[in-house]
Amino acid sequence: MPKLAVRDGVDEAIAAFRLPEKLGFGLVPAPVMYSAEFRDGAWGRGELLPYGPIEIHPGARALQYAEQVFEGMKAYRVERNDANLFRPDANWKRLARSAERLGMPCVPQEMFLEGICAVSCLCQQFIPQRSGTALYLRPFIFGTETGYTVHNSRSFRFLVIANPSEIYAAGALKVTIERDDIRAAKGGTGYAKTGANYAASLRASSQAIESGYTVALWLDAETREKVEELSGMNLFVVVDGELHTPALTDSILPGVTRDSLIGLARHRGYRVVERTIPIAELLEQIGDGRCSEVFACGTGAIVSPIAVLRDKDGRTYEPKDVDKIAKELREELLAIQERRAEDPFGWIVPVPATLDAVTG
Ligand SMILES: *Cc1c(COP(=O)(O)O)cnc(C)c1O
């Protein structure tokens with residue numbers, strides 16, 4: 001891979017940056033970003049540049065046809081000086097699968113890691129050090145070719161931007177069950193991490209927030225009877241002391257956190273079942289107490305308890321336990337991610353301390 005270029009202004013942007021007291025989630029941009037372009041069938045060399053607006057043709061297919069795929073991951077530096085990533089190989093594999101579904105080229109794994117590590121390395125002094133905080137990394141690829149004929153672009157851009165962040169939604173979530181809109185259908189793009197899926201989900205999410213709730217729960221497109229996931233988070237339920245989560249289909253996003261929790265929970269002796277979960281059964285079992293707890297998981301939210309589910313008819317369902325097993329798993333997972341506990345799974349990858357070590 002050709003050597004990484006560092007553009008003018010990067011050092012100044014880093015020197016001028018101050019980490020604010022309040023971070024939120026994705027609100028404070030880190031001062032540097034990574035960029036590479038795909039042209040004539042190949043990726044050019046990576047560059048580091050100051051974070052800021054980019055130029056894009058108004059007719060670019062990313063804007064006109066949502067030709068975009070992305071990832072979400074974190075660099076951690078809790079109460080230590082050296083930073084680390086969590087399962088970056090899993091994020092690259094998923095990006096490759098997402099890109100394949102959309103007919104786009106993915107960046108090679110080495111370029112993906114170069115981008116992630118270069119941004120994390122240059123921003124390491126700004127990675128917040130309180131437990132639960134991290135540098136949230138957003139790598140994404142989008143089509144830059146203009147024209148309205150319906151086919152993929154032949155030119156693309158890969159960017160890695162980052163935000164020092166807190167947990168996505170702290171505290172217990174309040175969930176609305178979405179009975180009208182659908183997020184993803186069989187044969188569609190549901191399993192790909194693409195902005196297009198979010199476009200389909202934004203209206204329900206906004207309605208949920210307007211009514212004092214946090215997030216929408218999605219059902220399958222075909223029957224509207226099976227639980228799939230939340231907008232941006234996967235779902236677990238505790239039934240008779242076992243952990244159940246919807247089995248993956250092509251309309252469910254395969255979360256890295258979901259996969260990690262399955263491994264972690266089994267390691268801790270829980271029985272974990274991946275199966276079809278009918279919404280009617282879930283609501284009945286919350287009602288009779290067999291389902292004691294419901295929680296969400298994702299990179300941003302980590303593991304978030306759900307306090308209440310509201311149906312379209314206005315009825316509400318409150319699991320009897322909130323944040324019991326969720327808390328145990330969140331603390332265990334966070335301790336591994338933040339390197340306060342042993343990592344028996346080989347999930348932790350260090351961030352090189354210097355840019356020279358990144359480009360190796
Ligand atoms: C990213 C995402 C998730 C969570 O995936 P993680 O890899 O755990 O962060 C769940 N659902 C959707 C729709 C997503 O986009």
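From a predicted model like this one, the values you see are computed outputs, not experimental measurements. Note that ligands are numbered from 1 as they come in the structure, with each ligand's atoms numbered from 1 the same way.
Looking only at heavy atoms of the protein, atom 1 (C) of ligand 1 is closest to Lys193 NZ, 1.4 Å.
In the displayed structure, Glu100 atom CD is contacted under 6.0 Å by at most 12 heavy atoms of other residues, nucleotides or ligands.
Residues Arg154 and Thr144 have side chains that never bring a donor and an acceptor to within less than 3.5 angstrom of each other.
Interface atoms of ligand 1 facing Glu229, defined by a heavy-atom separation under 4.0 Å, are 10 (C), 11 (N), 12 (C), 13 (C). Set against the non-hydrogen atoms of Tyr198, the atoms of ligand 1 under 4.0 Å away are 12 (C), 13 (C), 14 (C), 15 (O). Ligand-side atoms of ligand 1 in range of Thr299: 6 (P), 7 (O), 8 (O), 9 (O), range being under 4.0 angstrom from any heavy atom. Distances below 4.0 Å separate heavy atoms of Arg94 from the following atoms of ligand 1: 5 (O), 6 (P), 7 (O). Near Val256, meaning under 4.0 Å from any of its heavy atoms, are these atoms of ligand 1: 6 (P), 7 (O), 8 (O).
Residue contacts with ligand 1: Asn234 is included, with a non-hydrogen atom under 4.0 Å away. Distances from ligand 1 to the non-hydrogen atoms of Glu71 include no value under 4.0 Å.
The six-membered or imidazole ring of Phe17 lies near that of Phe126, with a centre-to-centre distance under 6.0 Å.
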Please table the atom pairs, donor to acceptor, closer than 3.5 Å between any side-chain atom in residues 19-30 and protein atoms at least two apart or in another chain.
none

Practice prompt. Starting from the C-alpha separation in whole Å, work towards a yes-or-no answer on side-chain contact (heavy atoms from CB on, under 4.5 Å) for Ile141 and Phe156.
Written response: CA-CA 7 Å; Ile141 305 172; Phe156 295 87; 4.2 Å; yes
Practice prompt. Show your reasoning for whether side chain to side chain donor-acceptor pair (under 3.5 Å) applies to Thr194 and Asn197.
Written response: CA-CA 6 Å; Thr194 170; Asn197 293 329; 5.6 Å; no
Item to complete: Run the numbers on Val351 and Gln124 for side-chain contact (heavy atoms from CB on, under 4.5 Å), then give the verdict.
Response: CA-CA 9 Å; Val351 171; Gln124 55 191 314; 5.6 Å; no
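Interatomic distance, CD1 of Ile116 versus CE of Met111, reported as 12.5 Å (0.5 Å rounding).
Taking all heavy atoms of Gly255, Gly298, Gly232, Ala192 into account, the minimum distance to atom 3 (C) of ligand 1 is reached by Gly232.
When heavy-atom distances to ligand 1 are checked against a 4.0 Å cut-off, Met73 has no atom that comes that close, whether in backbone or side chain. Within the 4.0 Å heavy-atom criterion, both parts of Thr257, backbone and side chain, lie near ligand 1.
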